[in-house]
Enquirer: 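Attaching a single structure in structure tokens format; questions to follow.
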Amino acid sequence: MIVDKAIYRNGRRQGCGDLSDELDVLRLTQDGFLWIGLKDPTDQEFDLVNEELHLHPLAVEDAVNGHQRAKIEKYESSVFVVLKTLRYIEATSDIETGEVMLFIGDRFVVTVRHGEGNPLAGVRQRLETEPERLDHGPMTVLHAVMDSVVDNYLVVDREVRQDLEQIEEQVFASDIGGDANTIYRLKREVLEFRRSSQPLADTLTQFMERARGRGLTEEMLPFFRDVADHLRLVNDHVESYDRLLTDVLSAHLASVSVKQNEDMRRISAWVAIAAVPTMIAGIYGMNFEHMPELTASVRLGDGEFQYGYFLVLAVMATACVGLYRAFKRSGWL
């Protein structure tokens, strides 16, 4: 749907009537530009705007299909920009992606937003409070939208860093060693983050080189450089997160392996200790006719006390205690 549309002359907002008529006047007077904002438009709504503005068919195809890679395409009389938006969901620690597309042409700019991430209403409101910036034309809108998207990258960057610090603490500071599912899920979110930010950094650098002096004025160039610097910072962080998560996952797997080895050693030690009474019970539990030690006895007063079974139990207990102490010293228990 069409969220907002307005004409900006001398940086001041004015009402907008028929799109094609207003655009003809703007091109005739060479004063001001038209800004149309769309949010998840239907095919009919987008076709209406396309008929009035005559957008490039390749750009229209990308905008209708969506799910495009971040890019800046220069056509004969217009520029088509795709920005990937990110939204951090606190409840699940997931990163939700969306898209913002911009059509920038002669005296017009169209913004198309898909998804709930990075609303543009605040961008328009901030620009309307700075008419001297809006007076620079549609490139100001491109910078403002791009700057808002990249600033939101920085917010997501901080959230991801906090999640990573929590995972590091779980892996290295606890006996449990963390959860592989949590590590892998964050690694997947970091990869999604990288897919959004990395292509934009590359294409923005190329755009500044190509458009300098041809649509991108010297006054606007420092603003785009500032966005590029923030993008490079984000990309550096994302790459370090990816490498660190790989190391954390390896450390977690190693910790699990060590824990399993320790458990196996304890089990083996207890099996060895249990084997002694099992062996003795197996021998003396047989129905042998002649086992003198079992019938050993001592006379006590008028009676006779048979201590053979107690002797066997004492030997069994001594062997078990000796094995337990040996395994304890060796660290197996």
Side-chain angles (χ1 to χ4, degrees), residues 3 37-40 66-72 81-102 111-127 141-174 178-204 223-224 226-249 251-252:
V3 179
L38 304 174
K39 167 68 168 63
D40 293 323
H67 304 290
Q68 301 296 312
R69 193 171 186 264
K71 62 181 180 179
I72 303 176
V81 182
V82 178
L83 305 174
K84 304 294 288 187
T85 62
L86 300 177
R87 184 165 73 101
Y88 183 82
I89 302 176
E90 185 72 31
T92 60
S93 298
D94 291 336
I95 299 177
E96 183 182 274
T97 60
E99 288 177 321
V100 171
M101 302 180 181
L102 295 94
T111 56
V112 183
R113 184 164 67 94
H114 294 283
E116 299 302 322
N118 220 109
L120 300 180
V123 176
R124 188 187 288 256
Q125 292 171 0
R126 285 193 298 272
L127 281 177
V141 178
L142 172 60
H143 166 263
V145 173
M146 192 176 293
D147 187 54
S148 175
V149 169
V150 174
D151 284 346
N152 202 42
Y153 286 177
L154 295 171
V155 174
V156 176
D157 178 19
R158 289 194 294 270
E159 298 291 346
V160 170
R161 183 169 63 249
Q162 291 178 3
D163 289 343
L164 180 55
E165 290 173 353
Q166 292 177 359
I167 288 177
E168 282 185 294
E169 182 177 354
Q170 292 174 359
V171 171
F172 296 108
S174 67
D179 181 17
N181 292 331
T182 303
I183 300 172
Y184 182 76
R185 187 172 63 183
L186 182 59
K187 188 173 178 62
R188 185 181 59 188
E189 299 302 324
V190 168
L191 179 60
E192 191 70 27
F193 195 169
R194 190 174 188 174
R195 288 173 179 170
S196 300
S197 63
Q198 185 65 55
L200 180 58
D202 298 335
T203 194
L204 177 57
F223 293 95
F224 282 94
D226 180 66
V227 174
D229 288 340
H230 290 169
L231 263 177
R232 280 191 289 270
L233 177 64
V234 168
N235 286 330
D236 288 343
H237 288 174
V238 171
E239 289 181 4
S240 66
Y241 297 157
D242 187 42
R243 290 193 299 267
L244 187 55
L245 278 170
T246 299
D247 295 339
V248 168
L249 183 58
H252 167 73

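Worth knowing before you read on, the calculation uses all heavy atoms, side chains too, and leaves out hydrogens, waters and symmetry mates.
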Enquirer: With a 4.5 Å limit on heavy-atom distance, are the side chains of Met146 and Ile72 in contact?
Expert: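 When only atoms from C-beta onward are counted, Ile72 and Met146 do touch, with a gap below 4.5 Å.
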Enquirer: Which residue is it: Asn152, Asp163, Asp94? I am looking for the one with a side chain to side chain donor-acceptor pair (under 3.5 Å) to Tyr88.
Expert: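 For Tyr88, the side chain to side chain donor-acceptor pair (under 3.5 Å) test succeeds with only one of Asn152, Asp163, Asp94, which is Asp163.
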Enquirer: Please report the shortest heavy-atom distance between Ala70 and Ser196, naming the atom on each side.
Expert: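 Heavy-atom minimum between the residues: CB-O, 4.0 Å.
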Enquirer: Given 3.5 Å as the limit, does a donor-acceptor pair link the side chain of Asp147 with the main chain of His143, or not?
Expert: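 No.
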Enquirer: So, do Leu142 and Phe224 sit near enough that their side-chain heavy atoms are less than 4.5 Å apart?
Expert: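 Yes, close enough: below the 4.5 Å cut-off.
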Enquirer: Return yes when atom CZ of Arg161 has more than 12 non-hydrogen atoms of other residues, nucleotides or ligands closer than 6.0 Å, and no otherwise.
Expert: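 Enclosed.
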Enquirer: Can you find a heavy atom in the side chain of Leu86 that is under 4.5 Å from one in the side chain of Phe193?
Expert: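 A side-chain contact exists here, since the closest heavy-atom pair is under 4.5 Å.
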Enquirer: Could you measure the distance from the CG atom of Leu244 to the CG atom of Leu249? Nearest 0.5 Å is fine.
Expert: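 These two atoms lie 11.5 Å from each other.
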Enquirer: CZ/Arg113 to OG1/Thr85 distance, rounded to the nearest 0.5 angstrom?
Expert: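 Answer for the CZ-OG1 pair, Arg113 versus Thr85, is 8.0 Å.
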Enquirer: Is any side-chain heavy atom of Leu83 less than 4.5 Å from a side-chain heavy atom of Leu200?
Expert: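 The answer is yes, as the side chains (C-beta and beyond) meet within the 4.5 Å cut-off.
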Enquirer: Is there side-chain contact between Asp151 and His230, with heavy atoms separated by less than 4.5 Å?
Expert: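 Asp151 reaches His230 side chain to side chain.
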Enquirer: Between Val82 and Arg69, is the side chain to side chain contact (heavy atoms under 4.5 Å, CB included) condition met? List the steps.
Expert: CA-CA 7 Å; Val82 178; Arg69 193 171 186 264; over 6 Å; no
Enquirer: Do Val190 and Arg194 have side chains that get closer than 4.5 Å, going by heavy atoms?
Expert: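 Val190 does not reach Arg194 side chain to side chain.
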Enquirer: Drop me the distance from His114's NE2 to Met101's CE, to the nearest 0.5 angstrom.
Expert: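 Reported to 0.5 Å precision, the distance equals 4.5 Å.
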Enquirer: State plainly whether the residues Glu99 and Lys84 are in salt-bridge range, i.e. N to O under 4.0 Å.
Expert: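 Salt bridge flag = yes for Lys84 with Glu99.
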Enquirer: So, taking the atom named CD1 in Ile95 and the one named OH in Tyr153, what distance separates them when rounded to the nearest 0.5 Å?
Expert: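 If we round to the nearest 0.5 Å, Ile95:CD1 and Tyr153:OH are 10.5 Å apart.
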Enquirer: Please round to the nearest 0.5 Å and tell me the distance separating atom CG of Asn235 and atom CD of Gln198.
Expert: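 The CD atom of Gln198 is 4.5 Å from CG of Asn235, to the nearest 0.5 Å.
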Enquirer: Looking at side-chain heavy atoms only, is the closest gap between Val145 and Val141 below 4.5 Å?
Expert: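 A side-chain contact under 4.5 Å exists here.
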Enquirer: Side chains of Leu186 and Val160: closer than 4.5 Å at any heavy-atom pair?
Expert: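 Heavy-atom side-chain distance check passes, below 4.5 Å.
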Enquirer: Starting at CG of Leu164, measure out to CG of Leu245 and round the result to the nearest 0.5 Å.
Expert: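 Reported value, rounded in 0.5 Å steps: 5.0 Å.
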